[in-house]
Enquirer: 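Pasting a structure below so you can have a look.
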Amino acid sequence: MKHFLFLLFTIVFAFSCKKENLDNQIIMMVRDTKVSCTGGNGPMECLQVQTGEKVGSQTWEYFYSPIEGFNYEPGYIYTLKVKTEPVKNPPADGSSIKYTLVEVVLKEKV
């Protein structure tokens with residue numbers, strides 16, 4: 001009976017633990033060079049990224065937001081796992097999404 005109760009407790013505990021929400025994670029490729037762009041605060045340097053179905057294509061998009069925890073080095077193409085979260089009350093010239101690095105999946109010298 002003790003083994004049964006222990007097993008039951010273990011199962012209940014395992015299913016009650018909060019699992020990491022994978023719904024708000026994306027795969028993002030970051031190009032090896034930054035480009036000049038114009039953001040909400042005027043001229044700046046932007047990352048070029050691919051997300052979703054564009055990963056691995058020839059299409060790169062300007063990325064104006066920082067990625068918290070990501071230390072970009074020119075000369076490398078990165079494949080990142082990034083968590084996205086909505087920003088409550090974003091500034092008028094800022095993103096409504098916060099990006100946080102989960103994992104550098106691949107860092108490849110170009």
Enquirer: Just verifying a value: how many Å separate Tyr72 OH and Arg31 CZ, rounded to the nearest 0.5 Å?
Expert: 10.0 Å
Enquirer: Can we call the ring centroids of Phe70 and Tyr99 under 6.0 Å apart?
Expert: no
Enquirer: Return the minimal non-hydrogen interatomic distance between Lys98 and Val87, and the atom names on each side.
Expert: N-CG2, 3.6 Å
Enquirer: May I ask you to test the Cys37-Tyr64 pair for a side-chain heavy-atom distance under 4.5 Å?
Expert: yes
Enquirer: Lys81 and Val105: which non-hydrogen atoms are nearest, and at how many Å?
Expert: N-CG2, 4.0 Å
Enquirer: Please determine whether the number of non-hydrogen atoms from other residues, nucleotides or ligands lying under 6.0 Å from atom NZ of Lys54 exceeds 12.
Expert: no
Enquirer: Looking at CG of Leu101 and CG of Leu80, how far apart are the two atoms once the value is rounded to the nearest 0.5 Å?
Expert: 6.0 Å
Enquirer: Rounded to the nearest 0.5 Å, what separation is found between the OG1 atom of Thr51 and the CE atom of Met28?
Expert: 6.0 Å
Enquirer: Please check this pair: side chain of Tyr78 against backbone of Asp32, looking for a donor-acceptor N/O pair closer than 3.5 Å.
Expert: no
Enquirer: Are the side chains of Ile67 and Thr100 in contact, using a 4.5 Å heavy-atom criterion?
Expert: no
Enquirer: Same hydrophobic cluster for Ile97 and Leu47, using side-chain heavy-atom links shorter than 4.5 Å among ILVMFWY?
Expert: yes
Enquirer: Got a donor-acceptor contact below 3.5 angstrom from the Gln48 side chain to the Val35 backbone?
Expert: no
Enquirer: Determine whether Gln50 and Ser57 make a side-chain contact, defined as any pair of heavy atoms from C-beta on separated by less than 4.5 Å.
Expert: yes
Enquirer: Less than 4.5 Å apart, side chain to side chain, heavy atoms only: is that true for Glu45 and Ser36?
Expert: yes
Enquirer: Indicate the atoms forming the closest heavy-atom contact of Val110 with Ile77, along with that distance.
Expert: CG2-CG1, 3.5 Å
Enquirer: Search all heavy atoms of Val82 against all heavy atoms of Val102 and return the closest pair with its distance.
Expert: C-CG2, 4.1 Å
Enquirer: Give a yes or no answer on whether the side chain of Ser96 reaches the backbone of Pro90 with a donor-acceptor pair at less than 3.5 Å.
Expert: no
Enquirer: With a 4.0 Å cut-off on N to O distance, would you call Lys83 and Glu68 a salt bridge?
Expert: no
Enquirer: Using the six-membered ring of Tyr76, assess whether NZ or CZ of Lys109 lies under 6.0 Å from its centre and within 45 degrees of the ring axis.
Expert: yes
